[in-house]
Amino acid sequence: MSNNIVCHDGKLTSNGLRCKINPVGQNRFIGSTVTANKIFNSCNEAVADIFDGATIMVGGFGSYGGLPINLIVALSGQGAKDLTIIANMGGVGHELSHRIKPGGYQDSGILFENGQVSKFIGSVPALGGMPPTSPLEILFNEGKVEIETVPQGTLAERLRCGAGGLGGFYTPVGIGTTVEEGKEKKVIDGREYILELPLTADFALIKAHKADAFGNLVYRQTARCFNPVMAMAAKVTIVEVDELVPAGQLDPEVIVTPHIYVNRIVEVPQ
Amino acid sequence: MSNNIVCHDGKLTSNGLRCKINPVGQNRFIGSTVTANKIFNSCNEAVADIFDGATIMVGGFGSYGGLPINLIVALSGQGAKDLTIIANMGGVGHELSHRIKPGGYQDSGILFENGQVSKFIGSVPALGGMPPTSPLEILFNEGKVEIETVPQGTLAERLRCGAGGLGGFYTPVGIGTTVEEGKEKKVIDGREYILELPLTADFALIKAHKADAFGNLVYRQTARCFNPVMAMAAKVTIVEVDELVPAGQLDPEVIVTPHIYVNRIVEVPQ
Amino acid sequence: MNDRLGEQTIALRAAREFTDGSVVNLGYGMPGLCANLIPGDKTVFFQSENGMLGYGSLATDEEKDYELINASDQPVTPLPGMCFFDSAAAFDMIRGGHIDIVVLGAYQVSEKGDLANWGRPGRPATGMGGGMDLAVGAKKIIVTMLHTTKDGVPRIVSECTYPLTARHCVSLIITDLAVMEITENGLLLKELAPGWTVPEVQALTGAKLTPAEDLKEIEL
Amino acid sequence: MNDRLGEQTIALRAAREFTDGSVVNLGYGMPGLCANLIPGDKTVFFQSENGMLGYGSLATDEEKDYELINASDQPVTPLPGMCFFDSAAAFDMIRGGHIDIVVLGAYQVSEKGDLANWGRPGRPATGMGGGMDLAVGAKKIIVTMLHTTKDGVPRIVSECTYPLTARHCVSLIITDLAVMEITENGLLLKELAPGWTVPEVQALTGAKLTPAEDLKEIEL
């Protein structure tokens with residue numbers, strides 16, 4: 001009985017079986033098509049197949065820092081309708097944005113302005129400190145968009161729960177408030193908790209600082225925020241990055257989002 | 001009505017109130033005692049107050065890489081009894097360790113050999129591929145130690161659940177096996193799940209590569225494993241590190257364990 | 001009437017509660033000012049729920065970096081020893097009890113420490129952000145707020161009528177008129193703004209104030 | 001009797017299932033050998049549940065670094081584009097369905113695809129490690145095992161008698177005698193080791209084997 005693969009006639013054989021392909025004792029990434037398939041030339045191409053009725057996570061946190069602005073703009077041009085948007089904030093819209101940042105900026109507000117969204121799930125649909133003229137708040141007040149308001153930490157954990165294949169979790173956040181309405185409650189070890197369920201999506205639009213060619217991601221400062229958990233929780237994750245570098249250029253100890261969570265990369269230099 | 005704090009007579013005043021202390025517009029870490037209190041001169045000093053009956057998480061994964069060996073040895077010398085140990089593996093003990101690594105090594109096995117442990121919670125109490133002569137397996141077979149066997153991913157998630165103040169979570173892992181015995185089951189969205197509860201501890205003994213003087217930690221390669229989640233889940237986290245560096249010497253983007261999870265640091269140069 | 005305290009003064013009084021080495025989260029609005037009001041001999045680690053620990057003061061116009069912001073969207077400055085993490089990790093810290101103090105704004109606080117700080121009548125689309133998580137998870141909750149609405153309606157009440165953030169969570173209320181502690185016996189009036197009397201402040205409060213034995217003028 | 005296949009050959013046959021770009025986790029023991037058996041024109045990303053993605057082959061004695069190990073405690077080698085993470089993140093990947101293929105050892109596999117690979121009679125202190133999580137979470141489970149025990153007792157059975165890892169999870173079994181697919185109709189015998197016949201292998205199997213229409217000798 002031969003326990004080892006042996007080389008015979010210049011071909012590797014094993015137990016008398018001839019190998020069709022020579023195994024090499026190394027996985028070398030030579031000639032693979034894996035990386036090439038992830039890199040897109042434009043945001044428009046990267047969002048082209050987003051379909052009507054899709055659920056879409058949009059990264060970022062508040063008014064700026066980590067918002068995938070170029071992907072949002074591409075999606076507004078692409079025109080998919082009846083979308084469910086999962087994001088921390090509903091966006092202020094371009095008009096109000098001038099109050100926050102000189103020159104203003106685009107955010108998810110344009111998706112609402114365009115009438116592309118039927119439901120929003122997030123922790124700050126509209127900012128109480130701003131006038132009630134954000135596109136989402138106007139549409140909600142007109143009964144044209146549904147809102148599911150979720151405490152921010154619960155939102156982050158529901159995303160992680162969806163990413164990690166769990167069925168739900170018990171949190172003390174929301175007990176005694178409107179958040180507990182309609183939800184199962186349970187006392188565990190003497191404390192009251194609410195059952196919260198996972199969130200997943202068809203697509204995530206996120207922003208990172210750098211990607212390598214495999215799709216490993218690093219972020220910059222507070223622009224990390226909701227991007228990593230959304231990358232993990234969506235079926236197809238599309239990222240816009242400031243810089244695309246060759247595989248192996250990111251230190252393996254500092255990669256925040258492993259490449260298996262990233263499906264499409266668009267480089268949008270700042 | 002004055003809305004601003006104004007400087008008057010060399011002292012800051014505000015609304016006519018004289019400030020006892022001058023506020024400065026910066027948080028400068030000058031003269032703080034915060035960092036000094038975390039740094040211990042020896043593993044013996046760092047584990048000195050571990051009490052009989054304590055629950056202790058022990059970092060690492062398998063036979064090496066990330067094991068806080070010097071803290072384990074210190075705890076074995078310290079002598080606390082009736083301990084509950086939470087760790088991925090029960091350890092092989094010094095005798096068996098020679099089969100794994102030339103020269104052998106110490107692991108949690110010495111705590112069992114010493115009769116310090118009454119309960120073990122983990123995913124691999126003993127290795128099936130080794131003879132049944134690890135200290136934990138011997139004591140378990142003699143009825144002297146209780147074992148709670150937990151699937152490895154469920155162990156990691158129970159630690160994170162304890163760290164994050166959640167009451168429990170539903171996992172599909174263990175359905176149809178001995179793991180589901182005695183646990184609540186629930187069907188969510190058509191799939192069956194088991195309710196798993198959080199794990200916390202009085203102390204965590206962990207191993208990191210570097211700490212800064214605040215206690216921010218970075219790890220090296222696969223020595224990361226269970227250390228970060230245990231650091232988060234214990235009341236008092238004690239870390240042995242290869243190298244202690246000044247605060248500010250670790251890149252803020254690459255810190256894995258933020259310092260608020262670390263209570264005691266011992267530098268043990270390799 | 002005497003002057004009411006300004007926002008900076010209220011924030012400075014709140015910042016005086018931060019002990020050396022404490023981990024502090026600053027809520028939306030006025031609490032953010034506390035970051036600029038830490039004495040140089042103290043270390044305070046500011047945590048922000050968008051994923052940052054250990055930032056410094058608010059950024060000046062020249063320092064502004066829109067990828068280094070606190071959870072109120074204000075650019076801040078870096079400090080040695082700081083670190084960044086994602087939103088899920090930020091809320092593990094918060095729910096897990098690793099925040100010593102949170103300073104929050106409020107629409108209403110009840111004498112039992114119930115907090116209402118996110119929703120208000122006529123604005124159903126506004127959300128709670130991270131306020132509920134912070135109110136449940138932090139070890140000590142300080143509210144900084146104006147004592148009344150612009151129209152003089154008390155914001156400190158016997159029962160909140162605005163949507164709740166969490167029940168029985170507030171420890172200390174600092175307003176433009178007074179400092180009050182929430183105790184088992186209700187509101188303990190600890191400090192008054194200069195020139196204000198107990199009856200004057202009680203008249204603007206929707207719940208009973210019990211003056212402390214050592215009631216004094218606010219010290220900064 | 002003809003020769004049975006060796007461990008390297010079984011592992012090589014398993015490695016032939018890895019498609020370009022697939023994410024693969026290798027279980028304890030024999031499956032670990034697959035890391036050395038990837039053709040140079042293919043990219044396979046090996047994930048290890050101790051917190052690593054994208055490692056290379058097993059380390060030689062000169063290359064050994066005891067802080068760069070797979071979940072079987074074997075030192076491995078680094079590759080460009082690899083990354084490290086903690087145990088919780090490793091199992092998010094696994095439970096979350098991001099592992100394309102896992103290769104596991106087994107004590108028993110049933111004709112329905114039930115897997116028993118961690119506990120055995122007389123050793124109650126051995127544990128399941130990450131096997132249950134992998135069996136539940138990976139998209140495709142391949143078992144590599146010896147067809148029988150040393151004493152000739154079948155390991156492929158109609159019902160497992162050893163403690164289960166998970167039910168209905170195994171897709172493909174590769175042994176020292178044969179390659180079998182688990183189908184709705186039971187075990188489909190796809191490939192045989194050189195010189196072995198269907199009756200010979202059936203005699204060493206504890207469940208009914210249905211020979212495939214295109215039954216062939218194992219190809220590597």
Side-chain angles (χ1 to χ4, degrees), chain B residues 60-66 88-90 100-101 105 120 122-130 132 134 136-141 145 147 149-157 159-160 163 171-179 209 219-230 232 256-257, chain D residues 28-29 48-52 55 61 64-76 78 82-96 105 107 114-120 122-137 163-169:
Chain B
F61 178 83
S63 299
Y64 33 73
N88 186 47
M89 255 183 68
I100 294 174
K101 191 177 179 180
Y105 58 90
F120 173 79
S123 88
V124 185
L127 281 168
M130 300 285 268
S134 78
L136 170 54
E137 189 160 4
I138 290 170
L139 289 170
F140 175 77
N141 289 338
V145 176
I147 289 178
T149 308
V150 182
Q152 195 172 111
T154 299
L155 179 64
E157 193 62 19
L159 293 166
R160 196 180 159 279
T171 178
V173 176
I175 286 289
T177 77
T178 53
V179 167
H209 182 43
Y219 303 85
R220 188 169 169 271
Q221 304 180 145
T222 53
R224 191 181 305 192
C225 50
F226 274 94
N227 288 301
V229 280
M230 288 184 172
M232 294 166 68
V256 173
T257 298
Chain D
Y28 203 85
S48 184
E49 63 267 33
N50 53 333
M52 170 171 60
Y55 65 89
D61 281 344
K64 275 183 184 170
D65 176 340
Y66 286 97
E67 292 189 337
L68 183 62
I69 58 170
N70 66 20
S72 303
D73 264 349
Q74 297 164 317
V76 298
M82 76 181 305
C83 60
F84 301 102
F85 34 87
D86 70 24
S87 293
F91 284 95
D92 282 340
M93 284 184 188
I94 290 168
R95 276 190 319 265
Y107 293 129
D114 295 350
L115 172 65
N117 83 337
W118 63 278
R120 42 176 172 157
R123 294 293 298 277
T126 59
M128 70 288 287
M132 285 191 181
D133 309 87
L134 285 159
V136 167
L164 286 182
T165 307
R167 293 189 188 277
H168 310 309
C169 61

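Here is the naming used below: chain letters follow the sequence lines, and residue numbers restart at 1 for every chain. Atom set for the values below is all heavy atoms of this structure, side chains included, hydrogens, waters and symmetry mates excluded.
For a residue to count as touching a neighbouring chain, one of its non-hydrogen atoms must lie under 4.5 Å from one of that chain's; by this rule D/A71 touches chain B with backbone and side chain alike. Within the 4.5 angstrom heavy-atom criterion, no atom of D/S72 approaches chain B. Only the side chain of B/T178 has a heavy atom closer than 4.5 Å to any heavy atom of chain D. For B/F140, the part lying under 4.5 angstrom from a heavy atom of chain D is the side chain only. Proximity to chain D (any heavy atom under 4.5 Å) is shown, for B/T154, by both the backbone and the side chain. Both the backbone and the side chain of D/F84 have a heavy atom closer than 4.5 Å to some heavy atom of chain B. Using a 4.5 Å cut-off between heavy atoms, B/V256 does not touch chain D at all. With a 4.5 Å cut-off on non-hydrogen atoms, B/I147 touches chain D through its side chain but not through its backbone. Within the 4.5 angstrom heavy-atom criterion, only side-chain atoms of B/N141, from C-beta onward, approach chain D. For chain B, the nearby part of D/D92 is the side chain; its heavy atoms alone come within less than 4.5 Å. Looking at B/Y64, both its backbone and its side chain come within 4.5 Å of chain D, counting heavy atoms on both sides.
Put simply, of D/D114, D/D73, D/T165, the one with the most heavy-atom pairs under 4.5 Å next to chain B is D/D73. Heavy-atom pairs under 4.5 Å with chain B were tallied for D/G137, D/G130, D/S87; the largest tally goes to D/S87. With chain D as partner, the option from B/S123, B/G174, B/A156 having the largest number of non-hydrogen pairs under 4.5 angstrom is B/S123. Chain D forms the most heavy-atom pairs under 4.5 Å with one residue out of B/G62, B/G65, B/P151, and that residue is B/P151. Among B/G129, B/G66, B/G90, B/G176, the residue making the largest number of heavy-atom pairs under 4.5 Å with chain D is B/G176. Chosen from D/G51, D/P124, D/A90, the residue pairing most often with chain B at heavy-atom distances under 4.5 Å is D/P124. Annotation: maximal heavy-atom pairing with chain B below 4.5 Å, among D/L164, D/L134, D/L68, occurs at D/L68.
Exactly one residue among B/V124, B/T149, B/N88 makes a side chain to side chain contact (heavy atoms under 4.5 Å, CB included) with B/L155. That residue is B/N88.
Atoms CZ and OH, on D/F85 and B/Y219 in that order, are 15.5 Å from each other to the nearest 0.5 Å. One finds the CD atom of D/Q74 at 11.5 Å from the OG atom of B/S63 (value rounded to the nearest 0.5 Å). Atom CG of residue B/L136 and atom CZ of residue B/F120 lie 6.0 Å apart, to the nearest 0.5 angstrom. Note that NE2 of B/H209 and CG of B/N227 are 13.5 Å apart. Values are rounded to the nearest 0.5 Å. Taking CD1 of D/I69 as the reference point, atom OG1 of B/T222 lies at 4.5 Å (rounded to 0.5 Å). For the atom pair CD of D/E49 and CD1 of D/I94, the computed distance is 5.5 Å after rounding to the nearest 0.5 Å.
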**Report entry** Worked check of side-chain contact (heavy atoms from CB on, under 4.5 Å) between D/M52 and B/Q221
**Finding:** CA-CA 8 Å; D/M52 170 171 60; B/Q221 304 180 145; over 6 Å; no
Requested in this report: Any chance you could lay out the side-chain contact (heavy atoms from CB on, under 4.5 Å) test for B/Q152 and B/F61, step after step, and finish with the verdict?
Outcome: CA-CA 10 Å; B/Q152 195 172 111; B/F61 178 83; 2.9 Å; yes
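Sorted by first then second residue, the salt bridge (Lys or Arg N to Asp or Glu O under 4.0 Å) pairs that include residues 123-132 of chain D, not counting sequence neighbours, are B/E137-D/R123.
The existence of a salt bridge linking D/D65 and B/R220 is confirmed by a sub-4.0 Å separation between a basic side-chain nitrogen and an acidic carboxylate oxygen.
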